[in-house]
Structures are given as C-alpha cells and as structure tokens.
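Here's the structure we're looking at; comments come further down.
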Amino acid sequence: MSHHITHQRLAELVGGELVQGDPEAVVTGLNSIAEAAPGEVTFLGNPRYLTALKSTRATAILVGPDFSEPMEGRALIRVSNPTFAFSSAIRHFGPPARDFMPGIHPSAVVSPKAVFDPQKVSIGPAAVIGDDVHIGDGTTIQASVCIGHGVRIGEDCLLHANCTIADRCVLGNRVTIHSGTTVGSDGFGYEFVKGRHVKIEQVGIVQLDDDVEVGACTSIDRARFGRTWIGAGTKIDNQVQIGHNVVTGKHCIIVSHVAIAGSARLGDYVTIAGQVGIGGHLEIASQVTLLARAGVTKNITEPGAYTGFPAKPLMEGRRMVAAHARMPEALDKIKELEKRLAALEARGNA
Amino acid sequence: MSHHITHQRLAELVGGELVQGDPEAVVTGLNSIAEAAPGEVTFLGNPRYLTALKSTRATAILVGPDFSEPMEGRALIRVSNPTFAFSSAIRHFGPPARDFMPGIHPSAVVSPKAVFDPQKVSIGPAAVIGDDVHIGDGTTIQASVCIGHGVRIGEDCLLHANCTIADRCVLGNRVTIHSGTTVGSDGFGYEFVKGRHVKIEQVGIVQLDDDVEVGACTSIDRARFGRTWIGAGTKIDNQVQIGHNVVTGKHCIIVSHVAIAGSARLGDYVTIAGQVGIGGHLEIASQVTLLARAGVTKNITEPGAYTGFPAKPLMEGRRMVAAHARMPEALDKIKELEKRLAALEARGNA
Amino acid sequence: MSHHITHQRLAELVGGELVQGDPEAVVTGLNSIAEAAPGEVTFLGNPRYLTALKSTRATAILVGPDFSEPMEGRALIRVSNPTFAFSSAIRHFGPPARDFMPGIHPSAVVSPKAVFDPQKVSIGPAAVIGDDVHIGDGTTIQASVCIGHGVRIGEDCLLHANCTIADRCVLGNRVTIHSGTTVGSDGFGYEFVKGRHVKIEQVGIVQLDDDVEVGACTSIDRARFGRTWIGAGTKIDNQVQIGHNVVTGKHCIIVSHVAIAGSARLGDYVTIAGQVGIGGHLEIASQVTLLARAGVTKNITEPGAYTGFPAKPLMEGRRMVAAHARMPEALDKIKELEKRLAALEARGNA
C-alpha cells in the first residue's frame, strides 16, 4: 500500500480530530493492531483488543469518543465510530477498486433480445445473457455469470463471477451477488403419490429489492408461484439457504449457514446469526434478533432477542443454558437428598 | 398471468368437483390466500391458513375432501389434494416452461469424442463437455455447465446453468441438477503421516439413479473407489453435503443443510429434515424420519421418527426436550427440598 | 478395472508382507468388503467391519499389524496402515489420473497481462484469467474457472471446473480447489447508520499456503484489509464458511458445514468436525479438536478435545450429555422426594 499522508490530513480524511501527536508526521500505511509497523495507522473497533493495543507498533490510532488511555508516542485520532471511519483510510491506502469498464466482452453470449445500453453496462468474458433480459445502466456482470431468460436487473448492480440468476427473477438497483451463488433455483416441493415423490411445479420468481447483497455459495429458491421476496437493504451472507416463497422485510441481516424454510415471513430489521434454522410457514416479527444456532419452531410475535432450540426469549434461554450446565451437579444433589431423606424416614420408623 | 377459464373448466382441469359457485363465472389468474384478488383462484393446502382463508379476496378456492366452512360468494372446488391439484392451475396460468431446444450452441466446447445425437440433445452457451461423455436423448445441458471426461448422462435430464459433473460420474434418466452444484468432487480423506495430512486417492464415482433431483449449491463427493450412490427417486435440497461412498436408498428426501459423512448407508424412503448430521459409516433403516437438526451418532435399525442430538426415538426425544425446558424450575425445587429437609433434620436432632 | 497382478506383486506394491496365501495366484481387481468378488482384494481399515470381513468374497485382504483372525482360503497381506496402503492398489487398478495437458484451450479468455509459461500450465475451456495473474509451472486450471486480476498461483496447483478465485488472492504451491468454491468473496461487514446497513469496504485478500486443499461449494472471504490466511497443509471440506480475516495454522482439518466467523484465529493441527461453529474474534490453541457440532463461544487456550454448545472439555461435555439424558428420570425422582418429604413433615407436625 502507498499514498503517504500526514496525521492531520488523515484526521480530516476519516472525519475525526487529531487529539494527540504531531500533525505533520507521516502515515505510510495501515494495518491491524497486531500486525502494524511503525508509520502505520490502526484502529480500536472492539474493546477486547485494548490490551493488544497497548503494545501495538502502529504510530497512529483511530479511537472512539470514550477512549482515555494514555498512548505515549502515538498519534490519536478521535472519531465517532473507529471501525467505520477506518474505511476511509482503507480507501486511501488500499488497492483501487476495479474500474467500471462498459462494453460487452467478445466471448460473452448475449441474446439479441436482451435490452440494455452496451455503453453503460459491463458484460464480462464468457457471461451468458438470455432472451428479454433487461439490465440497468452502471451494472457489471462479471465472467461466466449466467442470466436466464426474462430476468430484470436494475442499475449499478454487481454480479460477481460464476453466479447464476435463473429465469424471470428481478433484481433492484445496487444489488450485489457474490460468486457461486444461485438465485432462482426451484423450490423443494414434492407430493408423495403412489410411493414416489412427484415434483410440484415451481414457476414463481425471486425478487431482490434495492441494495440487497447476497454472499457467496448461497441459494435462494424461486416461489412455487408468486415470489420469494428479499426486502430492500437486506444483507445475506455466504452458505445461506432461503426456501421458496420466503419473504423478508427491509434491512435484515442473515449470517452464514442460516436455513429459512419455505413460506417463512420475516419483518423488517430482523437479525439472524450463524447456523440458525427457521421452520416453514413461520412468522418472525420486525426487530427480532436470533442468536447463533437458534432454531425457530413457532411464530415470534414480539421484538427482542431469542436463543436456543426451540428458540426462546433471551433471558429464558439463558436460564435454560445455565440450568443445563448445572445438571450433573443437580443429579448429585438429588442422590444426596435421597440418602438424607431415607435416613430420616428410617429414624421415623425406628 | 392470463388464459381466462370458467369455474367449471377449472374444476375439470384440476380433477375436482365444483361444489359451490357459478360454473360459468370466469377465473382470471391464481395467487396465494393473502395476495389473491377478485377473479383469482387460490387453495387451502395447510389448515394453519384457515383463518386467513376466511378473508381472502380470491373468488375460487381449491379445498380438500373434509372442508366444510361456508365461504359465501366463493366458488369451491373439491379435490383430493389441494396443494397437488393446484399445480394444474399453475401450469394453466403460469409462464410456459422453456421449450426444449435441441442443438449445440456455437460457444459450447464439446469434445469430438463425446457421444450423443445433437438433434436430440440441447447444449447451452459456454457449456463444456469432455471426452467419452454419453448423453441420452431429450437431455438439456444449460449454459456454463462443465461435464468431465467419461460421464454418462441418461435421457430427459436437466442440468441447470453453472453446475459441474466431474469425471466418470453416472446419471440415470430424468435426473435434474440445479445451479452451483458439484457432483463428483473428491472425498475428504487423508491419512496423518509424519505430521502431515496425506491425501488418500479418490478414484470412485458418483452414481445418481433415475428421477434423482439435486438442488442448488449442493456437493456430492465421489467414492474413494466404487461409487457414492443415490437411489432412484431420491430428492436432495440445496446446501447439502453428501460424503464419499454414501449410499442412499430409493425415494429418500434430504432437506437443506444436511451433512451425511462418508460411507453412511440409508435405506429406502428415509426422510431427513433440515440441518441434520449423520456420522460416518452409520446405517439408517428404511422408513426412518429424522427431524430437523437431529444428529445421528449410532445405527438406526427401526423405522420411525427420531429427534435430538444424539438422535433418539421421537417420544423419548420429546420427553428430553420437555425435561430440558423444566430444568430451571427443577433446580429451584431441589433447593427448596434441601431447605425443608435440613429443617426436618434439625428438628430430629433437636 | 484391469491390470491383473499376483499376490506377491501386490504385497510388494502396497509395501506389505504376504503372510498367508498363494504368492502366484492372481488378483483381478479391488473392492469394498461388502461388494468384492472372488479374485479381488479388499482391506480392513476400521474394526467395525470385522464381522462383515468374515463373509467377504474377496480373496485377498490388506490387514494391520495386529490382525489375528483365521481367514481360511484368503490371501492376507500385512501392512502398517491398511487404509493408506490400499491407495497403492487403487492407483494400480483404478482409472488413470487425467494427464497433465499443458497449453491454453482456444476458448479460454486469458489477459495478455497474465504471466505464465503456456507450455507448462494447463488452461481449460472457457476459463477466464485476469490481468497481472501469475501462474506457476505444472498448474492446471480447469474449465470455466474464473481468476480475477492480480491473483498469484503457485506451482502444481489444481483448480477444478467452475471455481472462482477473486482479485489479488494468493495461492501457494500444490493447492487444490474443488468445483463451485469461491475464494475471495467480500467479508460480511456492515455498520448500521441511520437505519441502514452500510457496507464496510473489504479490500484485503485470501492467502492459501502450500498444500492447502479446499473442497466443493466452500467459501473463504477476503479480509477487510490484510489477509484471511490458511496455513500450509490445512485441508478444508465442502460447504465450509470461513469469514474475513480468519487465520488458521498449519495442518488443520476443517470438515463439512463448519462456520468460522470473522477474525477467529486457529493454531496448528486444529481438527474441526462437521457442523461446528466458531464465533468471531476467538482464539483456538494448537492441537485442539472440536467434536461434531461443537459451538465455540470463548477462547480455547488448552490443547485437547472439546464438545457441546457452548463447547467444553470433552469429559465435562460428556457428563453434561449424560446428565441431560437422565433429566426425565431426575424430574420423576424430584417429584417422589417431594412426596416423601411432605409425608415426613406431616408426621412431624402430627
């Protein structure tokens, strides 16, 4: 990384205030607390790293409003949110983003019935674009992406290499899809007829609203009919499964290895931690947080945090976990009580 | 959706009987109970939606044999299985399926040693077909699918865009593979020799029998030698892992995020719900159902439903879950008993 | 399979000693204990198959040093590790490995700025190689693999069809990546600002050191800055999620459906069984083994085996599982104790 910059300029860049250190000294790069070298800037985004911070070799540090440790010999830049502010430093020192390169790579296979402005859209090598696909200006479709027939893609989207958008799915503006991901696979629906599982037709679509981001190797099934629908601003991690006809609200967070079964409905601002499972046809209210590995087996109608399998409100769930940990001890106690009770009974009968 | 149709014709189409409503009134489309508009048909496939049904705006409803609610002003069509019968309506009103388009797209890369009738097989753009691949008539291989050397594919198969079938794997007739899926990756086998994990050669294959369907972003490893074998009619969801040398029987159902470790063997009609794990080398009898998140650590020799980790017969598992939920209360009770016992003991010693 | 061979030659081939049987009799192939036919060789790699072995139709068997069963009529070849030694038989009888075919397939799209020796590298059909990519001699890049800009790939690597390596990632020598896998997707990082999740730039890389193998449909996120780093000799199975800035030591084993959250750090020789989850920013000491489905919520500083969620040392975890199984019984016991206590109390008050 390059682009030297003074402490003072760095403070301006990250929207903070230089509260300690030489304004004219030079920052040469950035790094983590543990790996930074003299001349580099780091940040304290998580109090668990405070101890490590004390021995960092970084000479400039972004800190939060409440930071009050003496950090002799270091420049301190106070910002409201060090993690977030550090992004400005990353943009400064980091590698440049890929330029937007409009045009169609000659190896791409684009249906003559696709509708977009080739001077304002970027289609990468070996990408395949089906009939009646619409693509908005500013969108990039990387190498080997496959877009089925009748797909609608908004403006300023980014589809990473080797992802797949199946027929008739609809993507809003500024949607990002990472590699290896499938949007619009068939829902998993069969009826058991005469000893066989007979496929139930899946002719609906997937609709991803504006500002949705979908991670790598994730799958979102199309609806049986109608749509599987991901609300605006919702962010989905890698290795997630979203079943047919699921509806999520706006601005949800869905972390890795979550499985949401068919026809579940989530409100807005739902946060789902890793490895959670949600049963089919369930409803989750807005502002619900599901902790890691929660397994939801009933509707959740009240906002708040839930944990465990079956999922319970956090306090109740924690009591259960704590109780569970004390079980071996409880069994010993029961044995002891039984002995003492038998002794009393024997005495009473004596 | 289009294709207007009368109530009477719709009843015939879905194989049911119009038990209420005007035979000549017109149905203009279909939708879910919640989203239907006047003129549309919906269906009651799950009793949990009965309340919602009462206020649906749909004017025609497919109902089951036992349905007895008065639904004034709506046409009712009685069928034996509303969910399944609705598929006929979906086929009528829904978008047409992709036509089968035989031929080889000019951008596909097909080995001259591949064996198939190009007038009866459809090879999409940027697909890659290896040496000595056999493909049956009526099979569609979509864009950017990669087929290794020596693969055998039966008739009327459908391989969705961006899936991979590795060398020498064998697919029966009417096999469907969704996007992002890998069939024939190496089994995960290493021996620990002198401080390193040394790869154990994996030269077997994967065999998928007739009517197998494999969802999106699923992986099925090849056998170390011999074959990983998925029995006829088995349906596998998205994000599933099937280890090397696993054998499943016929007509199994394997739901999302299931992990089946190497050399496990399943009987016929085994149903595995989401996020289940099955240990290596285990045997699961036919007609076993594993509930969501069950973790199988021992052979299961009797048909029936199993739950929990380690997996137990359903009744036993439910007792454990119920007992678990009562633990905090039990700990309080133990404390109370101890106090009362101590009081008695004190009295006895007094 | 072909290539007949005598018992004596087979013993030499697998580095063992023919301790029983006719040295000149001929072995015609190999198979599993259950499926072998007369003339074939099998092996006993796991004592659980001893009963099955007694009725195998195989006429030659690789056995370990302690094997002492009489196996009349069979040739026995003693080796130090039957599972491992059997690989030599597999190499002999099995299908030949794909030849290394140097050269660039005409349908591949290779940046003129990529740096490699086309006579010593194999680039498959429809593969896409970005600008400033370096590729070492002996490396194979299969069909439809996408390599972003600035990627470094060492010697003798094998990238299976339809995998993706995103910009600037670094692969050592002898690295294998299976199909459907993504290396270098963005980390899942957002800050919540004014009711929206705002993306935190992810400009770091993924570095895979020498001899790393990554299974199918696995995702490894790039670092926010710096690197996500997989140590030499570490083997990763299918369907695994590795978050941004994770660091693993050398020679770790990470089994299917494991999720490792961002910035977790693993030591060397860590073994992680299936469906384990590891929380963000946690540290796991070297030589730790996490049993299937363990969920790690705190640092683990001591080597050894851990189980459960939250993960505990194995003995403690087993006590908890055992206690859990006895809960229904304990509740009954508590009820009984209460009755007996009430009877005593009544008597005392009488």
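Here is the naming used below: chain letters follow the sequence lines, and residue numbers restart at 1 for every chain. Keep in mind the model is a prediction, meaning the values are calculated, not measured.
With a threshold of 4.5 angstrom between heavy atoms, B:Leu331 approaches chain A through side-chain atoms but not through N, CA, C or O. Both the backbone and the side chain of B:His324 come within contact range of chain A, with heavy atoms under 4.5 Å apart. A:Glu336 touches chain B through its side chain: at least one heavy atom from C-beta onward sits under 4.5 Å away, while N, CA, C and O do not. Only the side chain of A:Val193 comes within contact range of chain B, with heavy atoms under 4.5 Å apart. Only the side chain of B:Asn81 comes within contact range of chain A, with at least one heavy atom under 4.5 Å from a heavy atom of that chain. Interface residue B:His251: backbone and side-chain heavy atoms are both found under 4.5 Å from chain A. Looking at A:Asn245, neither its backbone nor its side chain comes within 4.5 Å of chain B, counting heavy atoms on both sides. Proximity to chain A is absent for every atom of B:Ala232, based on heavy atoms less than 4.5 angstrom apart. For B:Cys163, no part sits under 4.5 Å from any heavy atom of chain A, backbone or side chain. Contact annotation for B:Ser107: only side-chain heavy atoms (C-beta onward) come within less than 4.5 Å of a heavy atom of chain A. Contacts between A:Val258 and chain B at a heavy-atom distance below 4.5 Å involve the backbone alone (N, CA, C, O). The parts of A:Leu337 that come within reach of chain B are both its backbone and its side chain, each placing non-hydrogen atoms under 4.5 angstrom from that chain.
Put simply, CD1 on B:Ile90 and CZ on A:Arg224 are 4.0 Å apart, with the number rounded to the nearest 0.5 Å. Note that CZ of B:Arg48 and CG of A:Leu282 are 5.5 Å apart. Values are rounded to the nearest 0.5 Å. One distance of note links CZ of A:Phe225 with CZ of B:Phe86; it measures 4.5 Å at 0.5 Å rounding. Separating the NE2 atom in B:His160 from the OG atom in A:Ser185 is a distance of 8.5 Å, to the nearest 0.5 Å. Rounding to the nearest 0.5 Å places CE of B:Met327 at 9.0 Å from CE of A:Met320. Atom CG of residue B:Asn238 and atom CD1 of residue A:Ile242 lie 11.0 Å apart, to the nearest 0.5 angstrom.
Of all the listed residues (A:Thr218, A:Thr297, A:Thr181), the one sharing the greatest number of non-hydrogen pairs under 4.5 Å with chain B is A:Thr218. Heavy-atom pairs under 4.5 Å with chain B peak, among A:Lys312, A:Glu329, A:Gln239, A:Glu316, at A:Gln239. Chain B forms the most heavy-atom pairs under 4.5 Å with one residue out of A:Gly130, A:Gly308, A:Ala294, A:Gly243, and that residue is A:Ala294. Options B:Arg293, B:Glu338, B:Glu35 differ in how many heavy-atom pairs under 4.5 Å they form with chain A, and the most are formed by B:Arg293. Contact count against chain B (heavy-atom pairs under 4.5 Å) is highest for A:Gly277 among A:Ala261, A:Gly187, A:Gly277. Contact count versus chain A (heavy atoms, under 4.5 Å) is highest, among B:Gly274, B:Gly233, B:Ser32, B:Gly180, for B:Ser32.
The shortest non-hydrogen separation linking A:Arg347 to B:Glu345 is NH1-O, 4.5 Å. For B:Thr83 against A:Glu191, the heavy-atom pair with the smallest separation is CG2-OE2, 3.5 Å. Of all heavy-atom pairs spanning A:Val276 and B:Gln275, the tightest one is O-NE2, 3.2 Å. The minimum heavy-atom distance between A:Lys199 and B:His178, with the atom names listed, is NZ-NE2, 4.5 Å. Across all non-hydrogen atoms, the minimal contact from B:Asn162 to A:Cys146 is ND2-SG, 3.7 Å. Smallest separation of non-hydrogen atoms from B:Pro328 and A:Arg319: CB-NH2, 3.2 Å.
For A:His281 and B:Tyr49, the gap between ring centers is short of 6.0 Å.
Residues B:Asp237 and A:Gln241 have side chains in contact (heavy-atom distance under 4.5 Å, counting atoms from C-beta outward). A 4.5 Å side-chain heavy-atom check between A:Phe192 and B:Tyr269 finds at least one atom pair inside the cut-off. Proximity of A:Phe188 to B:Ile253: side-chain heavy atoms (C-beta onward) are separated by under 4.5 Å at one or more points. A:Val240 has its side chain out of reach of B:His257: every pair of non-hydrogen atoms, C-beta onward, lies at least 4.5 Å apart.
Other residues, nucleotides and ligands contribute over 12 non-hydrogen atoms within 6.0 Å of the CZ atom of B:Arg98. Within a 6.0 Å sphere centred on CZ of A:Arg227, heavy atoms belonging to other residues, nucleotides or ligands number more than 12.
Of the possible donor and acceptor atoms, one in the side chain of A:Thr182 sits under 3.5 Å from a partner among the backbone N and O of B:Ser179. A donor-acceptor contact shorter than 3.5 Å is absent between the side chain of A:Glu201 and the backbone of B:Arg91.
The interface of residues 209-217 of chain B with chain A, defined by heavy-atom distances below 4.5 Å, comprises B:Asp211, B:Glu213, B:Ala216, B:Cys217.
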- request: Kindly determine whether B:Gln142 and A:Val128 satisfy side chain to side chain contact (heavy atoms under 4.5 Å, CB included), including the steps that lead there.
  value: CA-CA 10 Å; B:Gln142 290 190 356; A:Val128 177; over 6 Å; no
